[in-house]
2 protein chains.
Amino acid sequence: MPQSKLVKVKAQPRRSILSDETYLMIRAMIFAHEIVPGDRVNIDALAVQLGVSQTPIREALARLESEDLIAKEALKGYRATNLLTVTEFADLFSFRLLIEPYAAEQAAILIDSKGIKELQSEISNAKEAINFNDERLIEAITEHDARFHALIAKYSNNKTLASAFTNTHCHLHLFRLYVASQKHLIEPSDKTSFIQDLFSRYYQSDRGQLAIKQHTAIAKAICAHNPEKAKAEMYSHIESSLKRFTPDLHKVQTDRKTS
Amino acid sequence: MPQSKLVKVKAQPRRSILSDETYLMIRAMIFAHEIVPGDRVNIDALAVQLGVSQTPIREALARLESEDLIAKEALKGYRATNLLTVTEFADLFSFRLLIEPYAAEQAAILIDSKGIKELQSEISNAKEAINFNDERLIEAITEHDARFHALIAKYSNNKTLASAFTNTHCHLHLFRLYVASQKHLIEPSDKTSFIQDLFSRYYQSDRGQLAIKQHTAIAKAICAHNPEKAKAEMYSHIESSLKRFTPDLHKVQTDRKTS
DNA sequence: AAATACTATTTCGTATAGTATTTTGCCAAA
DNA sequence: TTTGGCAAAATACTATACGAAATAGTATTT
């Protein structure tokens, strides 16, 4: 058994890096609405709650700050940033319309067999998820959507693009998770907030089937190495998604011009 | 003198936030090549050098990490990230070609009189800088270029775009500063590294006059509220800048496809 | 009612100590 | 000389405690 010497302690579980784990945990708390937008984030309290010292918390918050998920006010402390405003939401989609069709185009050129498998498997999973009940459906579709678009950004093979995508998309993701969490507020009341309005428009109608259909078309074009088609499909997908969210976008854009 | 009461202690100098200042100082050290790409960054040493404790250093490094100017390896410490590779450089320009023409277009629509003044003054400054001697010229033009493009990103009024621009552009800026710092290596030697080759191609020929000429055209279109022209001028400006850097770009792109 | 003073809380930074891990340098064996 | 391994030094990571300074809230005085 000469191997025992070579292998040695290689298998010992890596010591966890608290500042990294803390970062992920705080991030998860934000996405899970345990930390609500606008909340103040107290370092001491967080340290106690997570059972670590202040040092890892500080590093985690510094990172979250440069992702704009946490804002720091000098001498006043940290607080969770607010949700996207209507304008910011529209801006984010304008940005997506710039970079994601290009990403799809490049992915169609550069994707390899491993990537094709990964993409197809993501589509399959999504199609299964359609059969979920309402409770899990919306969350499943939201998560699938995030993974799908991230995959394409990754296979564009452009790190600058992929990193810009990641940095901006987390806000959209958070926004969607928040919209979804407001589901129970829809039925009983007739007051229609921006959020609730969005919810009914986006999820009530087709339960996300349209999005998955469009994803399928995009994936098909990419896997067939058809850049033009992939680009066009991605463009109309994002456009359609934006239209569903805000059919009155033209009004928003007009507002911006006059502001 | 009722004013004296109203003004009061408003002017008292804000206590400096060490973690912010430390962040800026380390960042400046990177841009000044006091911290060279690939260098290990020792927290203790930095704390002693800057005369602060570890806490602000850690927060600063965490922020720099998410900008990708500093990379963290678990349990091994931080190190300054390497310069852009040829591929990353090409990717960055592809990305710029996606977002900056759009930014110029939107700026032409949305810019106000204050913005027009700011843009025009930046152009004036640049034209003065052309008369600098070689020593200061390159740095002046590099800094002007960064400010000019940042201004347009700002006046696109799209925060998502502006933030993506900021995050990606610092790498280009660092790259250019590094290229410029290699100037003295050009003349005497005949060995032609990638960097030195770039330098001669980009700066020796016209001392940046072409870039400023193009900037002037872009600014003119924006200030005249001509979106189409602004967009087109910005596109060809970036394209021309890319071509000057890498006339053999097609080769790079071919390489990517086969990788 | 407004200005002021006082108190409590919180942030920000320092200092220090201890543990885990990596790196380095040395020594022995091939 | 080279290789491999082990011990020592260096470094990263975390915890803890403390203090100064600013903010926020409350009470007091004018």
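Fair warning: this is a prediction, and the values are worked out from it, not measured in the lab.
- Between the CG atom of B/Asn42 and the P atom of D/dA9 there is a distance of 18 Å, rounded to whole Å.
- The side chain of B/Lys72 sits closest to D/dC13 out of D/dA15, D/dC13, C/dT23.
- Residues B/Gln54 and A/Val41 both approach DNA chain C. Their nearest nucleotides, taken by heavy-atom distance, put A/Val41 toward the 5′ side.
- When Watson-Crick and G-U wobble pairs are counted only if both distances are under 3.5 Å, D/dA9 pairs with C/dT22.
- Here B/Ser53 reaches the OP1 or OP2 of C/dT14: one of its side-chain N or O atoms lies under 4.0 Å away.
- Computed from coordinates, the A/Glu73 CD to D/dT23 P distance equals 11 Å when rounded to whole Å.
- Checking C/dT22, D/dA15, C/dG13 against every side-chain atom of A/Pro56, the shortest atom distance belongs to D/dA15.
- Closest contact between the side chain of A/Leu18 and the listed nucleotides D/dT23, C/dT10, D/dT14 involves D/dT14.
- In this structure, B/His171 contributes its side chain and B/Asp68 its backbone to a donor-acceptor pair below 3.5 Å.
- As rounded to whole Å, 17 Å separates atom P of D/dA9 from atom CG of B/Asp44.
- Across all strands shown, C/dA1 forms a Watson-Crick or G-U wobble pair with D/dT30, both key distances being under 3.5 Å.
- Taking atom CZ of residue A/Arg40 and atom P of nucleotide D/dA24, one finds them 7 Å apart after rounding to whole Å.
- The distance from atom CD of A/Glu21 to atom P of D/dT14 is 9 Å, rounded to the nearest whole Å.
- A donor-acceptor pair is defined here as one N or O able to donate and one able to accept, closer than 3.5 Å; no such pair exists between the side chain of B/Glu67 and the backbone of B/Leu64.
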- Decide side chain to side chain donor-acceptor pair (under 3.5 Å) for A/Thr87 and B/Lys159; before the verdict, give the C-alpha distance in whole Å, the side-chain angles of both, and the deciding distance to 0.1 Å. CA-CA 10 Å; A/Thr87 303; B/Lys159 279 198 184 146; over 6 Å; no

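- Nearest to the side-chain atoms of A/Ile17 among the listed nucleotides D/dC13, D/dT11, C/dC12 stands D/dC13.
- Residue A/Ser19 places no side-chain N or O under 4.0 Å from the OP1 or OP2 atom of D/dC13.
- For the pair A/Leu75 CG and D/dA21 P, the computed distance is 12 Å after rounding to whole Å.
- The listed nucleotides are C/dG13, D/dA15, C/dT11; the one nearest the side chain of A/Thr55 is D/dA15.
- Across A/Phe31 and A/Cys170, no two heavy atoms sit closer than the pair CE2-O, 3.7 Å.
- For the residue pair B/Asp44 / B/Gln54, a side-chain donor-acceptor distance below 3.5 Å is found, with atom types taken as modelled.
- Between A/Lys76 atom NZ and C/dT9 atom C1' the separation is 15 Å, expressed in whole Å.
- Between the C1' atom of D/dA15 and the CD1 atom of A/Ile57 lies a distance of 12 Å, rounded to the nearest Å.
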